[in-house]
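First comes the structure, then the notes that go with it.
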Amino acid sequence: MAEANRGFARSVQSEVYRAGLSGERPQVPVDPDALERAAAKALSAEAFAYLAGGAGAERTMAANRAAFASRAVWPRILRDVAERDLSIELLGRRRPSPFVLSPIGVLELAHRDADVAVGRAAAALGVPYVLSNQGSRPMEDVAAAMGEGARWFQLYWSASDELNASFVRRAEASGCEAIVVTLDTHLLGWRTRDLDLGFLPFTRGQGIAQYTSDPVFAELVRERVARGGGGGPRPKVTPALLRSALSIARSGARSPLVDGGVRDALRSPLPRAAIETFLDVFAQPALTWPDLARLREWTSLPVILKGVLHPDDAEHALDHGVDGLWISNHGGRQVDAAVAALDALPAIAERVAGRVPIILDSGVRGGADAVIALALGATAVGIGRPYAYGLAVAGEAGLREVVRNHLAEFDLTMALAGHRTVGGIGPESLRQG
Ligand code: FNR
C-alpha cells in the first residue's frame with residue numbers, strides 16, 4: 001500500500017466496480033455480518049463455534065459492538081483531503097497504516113495454510129502480524145513466509161519459565177519486533193458454544209504448534225513419559241485422534257517430538273503426552289506484577305501487555321516499564337458482561353498521556369471503527385475475527401480482501417470526515433453520546 005496516497009480507497013473501489021462489469025464479485029462479502037454468515041457456511045459447526053463464540057451469554061461481545069455504535073464520527077467539509085497519509089509511528093518505526101492483525105490461535109480451523117497464509121497476506125499489505133502463542137504453524141515457518149514483513153510474537157505466560165524463555169528466544173530469532181504478553185487468558189473463559197459441542201481444539205492437538213516445535217517442551221514431554229505419565233493407556237483410534245496425530249505430525253518438520261510422520265505419531269505415546277503436557281503447562285493464574293521482570297531477563301525486545309482494561313492497571317504497567325498497552329477483552333471470549341474495550345479506552349488514554357502507544361481491539365469491524373478508536377486515544381487498532389472469517393471463506397486471497405477493505409474504508413472515512421493525517425484525528429472528530 002502506498003504511504004501518502006491520492007486514493008487507495010478509490011483504487012480499491014474502482015477495481016471492485018470494474019470487475020463487477022464483467023460479472024465478477026468480491027471473493028468475500030464486504031459487509032461484516034455477511035462475512036460472518038459466509039464463514040458459518042464455509043466451516044464445520046465446531047470450527048465456527050470456536051472462531052465466533054464468546055464467553056457466557058456473549059454480553060461482552062455485544063457490548064464491544066454497542067460501544068462503537070454509541071459514538072458518532074463528526075465530518076468536516078472543505079479541508080483539502082485530496083492526499084492522505086495513513087501512516088503512523090509505532091515502536092520506533094513508520095507503519096503504512098494504523099492497523100495490526102491481532103493474534104488468533106488455531107487458524108487451521110479456518111484454513112489449512114493457517115498462520116502462514118496470514119503472514120503472507122500481512123507482509124504483502126504492510127500490516128504487522130502478531131503471531132499467536134496458540135499458532136497452528138511454528139513461528140519459524142510463518143517468519144520464513146513473511147520475508148521482511150513486520151511481525152510480533154504473542155506470549156501466553158505458561159507455568160514453565162524455561163518454556164517461556166524458549167518461546168521468547170525463538171521469537172527474537174524469527175525476527176519478531178516485540179513481545180505481546182496476553183494477560184486475560186491465564187485460564188480459559190466459559191465458552192458456551194464450545195462447551196455445548198464438547199469441543200476444545202487443543203485437546204485434539206490443534207493450535208499447539210509452538211509447543212510441539214519447541215525443544216524445551218519436547219523435554220517436558222519426555223520427562224512426563226519417563227515418569228509413566230504418557231498418554232495413559234493407548235487410546236482407541238478415533239477420527240479425532242487421527243486428526244490430532246495428523247496435526248502434530250504436520251508441525252513435525254520442526255518437531256523434536258515426531259520425526260516419523262503420522263504413523264509414528266499414532267503409535268508413539270508422545271503426541272498424546274504432548275497434549276497432556278500442554279494442558280498441564282498452559283495456565284499460570286498465579287502470575288503477578290513482579291513476575292514481569294523475568295521477561296526482561298529473557299529478551300531486550302519491546303514488551304506490550306494485552307488485555308489491559310483498567311486505568312490503574314495501565315498505571316502499574318507504566319511503573320513496570322512496559323513499552324505499550326493493548327486494550328482488549330479478547331473479543332468477549334473471557335469474561336461475560338465485561339466492560340467494552342472501547343469504553344475502557346478514554347480513561348486509560350488519559351492516564352497514559354502519550355507515554356506509550358495504545359493498541360485497541362475487540363469489536364473493530366471496519367475503517368470507521370478505526371477512526372473512532374483513534375479519536376478516543378488509540379495509536380493503532382487490531383483486526384481480529386474478520387480476517388479469520390476471510391481466511392475461512394476464500395483462503396489467503398479472502399483474508400487479503402478483508403484487510404484491504406479495512407484499509408480502504410479507513411482511508412475513505414478519513415477523507416470524508418475531513419482528515420488528511422492520522423494525527424489529525426482526535427476527540428473533536430467525534431460527537432459522543
Ligand atoms: C483470539 N484472540 C487471541 N488473543 C491472543 O492474545 N492470543 C490468541 O491465541 C488468541 N486466539 C484467539 C482465537 C480466536 C478464534 C479469536 C476470535 C480471538 C483474541 C484476539 O487477539 C483479539 O483480541 C480479538 O479477536 C478481538 O475481538 P474481535 O474484534 O475479533 O471481536
Side-chain angles (χ1 to χ4, degrees), residues 1-13 15 73 75-76 79-102 118-130 146-152 175-178 180 301-302 304 323-327 345 349 352 354-361 364-384 386-387 399-430:
M1 200 188 98
E3 289 202 7
N5 82 91
R6 286 194 151 266
F8 178 70
R10 256 172 63 191
S11 72
V12 172
Q13 286 170 313
E15 189 186 318
V73 175
R76 303 295 305 272
R79 284 180 151 194
D80 183 4
V81 290
E83 274 190 35
R84 278 94 57 197
D85 179 358
L86 309 193
S87 72
I88 60 160
E89 182 83 16
L90 181 57
L91 297 181
R93 282 211 195 169
R94 205 80 208 157
R95 318 276 172 179
S97 84
F99 288 102
V100 304
L101 298 190
S102 293
V118 183
R120 276 196 298 255
L125 289 163
V127 176
Y129 174 32
V130 187
M146 290 189 75
E148 296 296 302
R151 49 196 174 263
W152 309 344
C176 293
E177 295 171 21
V180 176
L301 289 177
I304 298 171
D323 304 286
L325 298 177
W326 193 312
I327 301 179
L345 172 62
V352 169
R355 282 176 284 175
V356 297
I358 296 175
I359 298 153
L360 176 124
D361 75 16
V364 174
R365 295 294 177 270
D369 290 346
V371 170
I372 291 170
L374 295 167
L376 292 177
T379 315
V381 170
I383 306 174
Y387 82 76
L399 111 87
R400 225 166 128 152
E401 269 191 22
V402 168
V403 179
R404 178 204 70 181
N405 291 347
H406 279 72
L407 293 167
E409 194 195 353
F410 177 69
D411 178 30
L412 208 55
T413 309
M414 256 180 66
L416 293 171
H419 303 294
R420 237 178 316 171
T421 62
V422 175
I425 301 172
E428 66 293 342
S429 315
L430 299 187

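Contacts of E409 classified as side chain to side chain contact (heavy atoms under 4.5 Å, CB included), with partners at least two apart in sequence or in another chain: A368, T413.
How far CD1 of I358 is from CD1 of I327: 5.0 Å, rounded to the nearest 0.5 Å. Here the straight-line distance linking atom CG of L360 with atom CG of L325 works out to 11.5 Å at 0.5 Å rounding. A distance of 13.0 Å separates CG of L91 from CZ of R94, quoted to the nearest 0.5 Å. Expressed to the nearest 0.5 Å, how far CD1 of I425 lies from CD1 of I372 amounts to 11.0 Å. Atom CG of D361 and atom CG of D369 lie 12.0 Å apart (nearest 0.5 Å). Expressed to the nearest 0.5 Å, how far CG of L86 lies from CG of L407 amounts to 7.5 Å.
Taking every heavy atom of both residues into account, G119 and M146 meet most closely at O-CG, 3.4 Å. Residue R84 comes nearest to D411 through the heavy atom pair NE-OD1, 2.9 Å, listed as atom of the first residue, atom of the second, then distance. A pairwise comparison of heavy atoms in V403 and L101 identifies CG2-CD2, 3.9 Å as the closest pair. When all heavy atoms of L90 and P357 are compared, the closest pair comes out as CD1-CB, 3.5 Å. Across all their heavy atoms, G424 and S429 have their closest contact at O-OG, 4.0 Å. Of all the heavy atoms in V364 and H406, the pair that sits closest is O-NE2, 4.3 Å.
A 4.5 Å side-chain heavy-atom check between F410 and L374 finds at least one atom pair inside the cut-off.
Listed for the N405 side chain is a donor-acceptor partner under 3.5 Å among the backbone atoms of E401. The closest donor-acceptor contact from the side chain of R365 to the backbone of P386 lies at 3.5 Å or more, if one exists at all. Between the side chain of R76 and the main chain of G418, no donor-acceptor pair closer than 3.5 Å is present. Listed for the Y129 side chain is no donor-acceptor partner under 3.5 Å among the backbone atoms of R120.
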Begin with the C-alpha distance, continue with both residues' side-chain angles, and end with the deciding distance and a verdict on side-chain contact (heavy atoms from CB on, under 4.5 Å) for V100 and W152. CA-CA 10 Å; V100 304; W152 309 344; 4.1 Å; yes

Dump the intermediate steps for side-chain contact (heavy atoms from CB on, under 4.5 Å) on W326 and V130, then the final yes or no. CA-CA 12 Å; W326 193 312; V130 187; 3.7 Å; yes

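Annotation: R79, atom CZ; neighbour count of heavy atoms from other residues, nucleotides and ligands within 6.0 Å is above 12. Atom CD of E148 has 12 or fewer neighbouring heavy atoms from other residues, nucleotides or ligands inside a 6.0 Å radius.
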